[in-house]
Novice: 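The structure is given below, and queries will be raised subsequently.
Numbers here simply count residues along the sequence, with the first being 1.
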Amino acid sequence: MSDQIARGSAWTARADVLLAAAGERGVLCDIYDEEAADIYHDLMQGGTSQAREFTTRIPAGSGPILELAAGSGRLTFPLLALGRKVTALELSPAMLAILRRRLDDAPARLRDLCTLVQGDMSAFTLDRRFDVVVLDQSITLLDGADRPGLYACVREHLEPGGRLLLTMADSDAAKAKSVERFQEVSGMSGRPYVLHERLSAADEVRELTICPADETADPFVVCTTRIRLLQVDLIARELEQAGIEVIARTPLAFAGARHNDVFLLEAARPS
């Protein structure tokens with residue numbers, strides 16, 4: 001994630017409706033805030049296929065890995081299972097706290113390979129370079145003013161010839177239609193949630209509102225976030241302009257995915 005959390009919870013019309021119905025039980029928060037951290041972790045701990053896409057593309061014999069926007073560790077543990085040292089960078093203290101607890105419960109051989117860093121993926125400085133940098137989907141949280149900072153940090157922290165692996169949903173905002181839909185989803189715990197999605201082609205954003213399926217829940221936590229609609233071609237051009245060479249773009253298919261046009265970009269810092 002990014003310094004988007006500093007802006008506070010994203011307003012959505014659906015959140016207003018839910019909070020009005022919940023009354024004093026209602027709590028509004030950003031999906032990365034402390035109040036929502038357990039919900040985020042519950043919903044985001046799947047993605048075995050995505051983890052496999054990353055791990056199979058990490059060059060054999062490569063060294064340490066930098067994971068940006070690590071969240072609560074959905075990709076961190078598959079990366080650690082490769083036996084590589086992983087530095088997991090995440091801005092949200094709540095997400096880092098969950099990841100730290102998970103590492104405390106993990107075997108020592110995994111704990112010893114992982115370094116946690118609180119930091120903004122668009123503005124960070126570490127004292128080392130990495131053979132691989134990975135970023136899963138979270139580039140859509142950054143606007144056009146923040147993305148150059150991300151690219152500069154990635155280039156600075158990659159070894160010459162090092163790889164960037166980045167996934168994102170390709171959204172052609174010029175052709176997209178404004179849509180609104182509801183979906184009931186279950187977390188890894190089995191708890192049900194209702195996800196409301198509103199895609200605004202005019203604003204080039206997708207608003208997400210997540211709440212418990214149980215309308216009597218107390219507290220009734222309403223989580224929101226706003227995701228930018230970005231095109232793969234745009235991000236590829238921006239990477240090239242930042243001095244990071246795009247070497248492959250691969251369409252991915254995940255079982256149960258809501259968005260079909262997910263791509264993995266492979267890029268490298270020139271040697």
Side-chain angles (χ1 to χ4, degrees), residues 1-2 4-5 7-23 25-33 35-50 53 69 71-72 74 136-143 167-217 219-232 234-235 251-264:
M1 49 167 301
S2 75
Q4 294 292 303
I5 61 170
R7 78 192 188 290
S9 305
W11 176 88
T12 67
R14 183 59 186 165
D16 272 0
V17 172
L18 293 168
L19 292 169
R25 292 182 295 115
V27 177
L28 176 65
C29 58
D30 187 273
I31 189 65
Y32 304 109
D33 286 346
E35 295 89 345
D38 288 336
I39 296 173
Y40 175 96
H41 178 67
D42 195 21
L43 288 171
M44 296 300 291
Q45 285 314 295
T48 302
S49 297
Q50 284 174 273
E53 294 291 350
S72 58
R74 180 168 57 91
D136 182 25
Q137 301 277 358
S138 293
I139 194 170
T140 55
L141 296 174
L142 298 178
D143 61 22
T167 60
M168 61 175 289
D170 183 41
S171 301
D172 191 340
K175 297 178 182 177
K177 297 179 180 179
S178 295
V179 297
E180 186 172 10
R181 55 185 166 224
F182 294 84
Q183 180 181 4
E184 185 164 313
V185 295
S186 294
M188 294 294 288
S189 67
R191 289 193 299 270
Y193 305 88
V194 176
L195 185 152
H196 173 263
E197 179 177 17
R198 188 181 76 88
L199 187 150
S200 171
D203 296 332
E204 299 186 1
V205 296
R206 186 166 70 246
E207 293 179 348
L208 298 180
T209 307
I210 301 169
C211 68
D214 179 5
E215 297 179 355
T216 67
F220 189 80
V221 180
V222 178
C223 312
T224 63
T225 192
R226 183 176 290 111
I227 300 169
R228 287 171 180 82
L229 303 180
L230 299 174
Q231 295 175 271
V232 168
L234 170 65
I235 300 305
L252 306 178
F254 303 126
R258 297 194 314 278
H259 307 288
N260 296 324
D261 298 328
V262 176
F263 283 78
L264 188 147

Novice: Not counting sequence neighbours, which residues clear side-chain contact (heavy atoms from CB on, under 4.5 Å) with S189? List them please.
Specialist: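 Partners of S189 by the side-chain contact (heavy atoms from CB on, under 4.5 Å) criterion, ordered by chain and then number, come out as D42, R191.
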Novice: Inspect the contact between R226 and E207 and indicate whether a charged nitrogen and a carboxylate oxygen are less than 4.0 angstrom apart.
Specialist: yes
Novice: Output yes when a side-chain donor or acceptor of R74 lies under 3.5 Å from a complementary backbone atom of M44, and no otherwise.
Specialist: yes
Novice: Would you please say whether a donor-acceptor pair under 3.5 Å links the side chains of T209 and T12?
Specialist: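 There is such a pair (donor and acceptor under 3.5 Å, judged by atom type) between the side chains of T209 and T12.
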Novice: Out of curiosity, E53 CD to L252 CG, how far, rounded to the nearest 0.5 Å?
Specialist: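 Reported value, rounded in 0.5 Å steps: 4.5 Å.
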Novice: Are the side chain of D33 and the backbone N or O of E35 linked by a donor-acceptor pair below 3.5 Å?
Specialist: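 The answer is no, because no donor-acceptor pair under 3.5 Å joins these two groups.
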Novice: Do Y32 and T225 touch side chain to side chain, with heavy atoms closer than 4.5 Å?
Specialist: yes
Novice: Might you point out which heavy atoms bring F220 and A22 nearest each other, and give the distance in Å?
Specialist: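 Distance-wise, the nearest heavy atoms are CD2-CB, 3.9 Å.
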Novice: Any side-chain heavy atom of Y40 within less than 4.5 Å of one from S72?
Specialist: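 Touching, per the 4.5 Å side-chain cut-off.
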Novice: Minimum heavy-atom separation for R25 to A217, with atom names?
Specialist: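 Nearest pair, atom of R25 first, then A217: NH1-O, 2.5 Å.
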Novice: How long is the straight-line distance from CD of E204 back to CD1 of I227, given to the nearest 0.5 Å?
Specialist: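 That separation rounds to 14.5 Å.
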Novice: With a 4.5 Å cut-off on side-chain heavy atoms, are V232 and D261 touching?
Specialist: no
Novice: Taking Q137's backbone N and O only, do any of them form a donor-acceptor pair with T167's side chain (distance below 3.5 Å, no angle check)?
Specialist: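 Yes, because the side chain of T167 sits within donor-acceptor range (under 3.5 Å) of the backbone of Q137.
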Novice: Do the side chains of F263 and I235 get nearer than 4.5 Å, heavy atoms only?
Specialist: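 Result no, sub-4.5 Å side-chain heavy-atom pair not found.
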Novice: Are the side chains of L230 and M168 in touch, meaning some heavy atoms are under 4.5 Å apart?
Specialist: yes
Novice: Is it the case that the side chain of R206 and the backbone of L229 share a donor-acceptor pair, with hydrogens and angles ignored and the cut-off at 3.5 Å?
Specialist: no
Novice: So, do I31 and L208 sit near enough that their side-chain heavy atoms are less than 4.5 Å apart?
Specialist: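 No, too far: nothing below the 4.5 Å cut-off.
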Novice: Does R228 reach the main-chain N or O of V205 with its side chain, forming a donor-acceptor pair under 3.5 Å?
Specialist: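 No, because the side chain of R228 does not come within donor-acceptor range (under 3.5 Å) of the backbone of V205.
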Novice: For a quick test of reading the model, state the closest non-hydrogen atom pair linking A15 to L28 and the distance between them.
Specialist: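 Of all heavy-atom pairs spanning A15 and L28, the closest is CB-CD1, 4.1 Å.
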Novice: Sequence neighbours left out, what passes side-chain hydrogen bond (donor to acceptor under 3.5 Å, both in side chains) with T140? Give chain and number order.
Specialist: none
Novice: Among all residues two or more places apart in sequence or in another chain, which pass the side-chain hydrogen bond (donor to acceptor under 3.5 Å, both in side chains) test with R14?
Specialist: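 For R14 there are no side-chain hydrogen bond (donor to acceptor under 3.5 Å, both in side chains) partners, ignoring immediate neighbours.
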Novice: So does E180 have more than 12 non-hydrogen atoms from other groups sitting under 6.0 Å from CD?
Specialist: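 Correct, the count exceeds 12.
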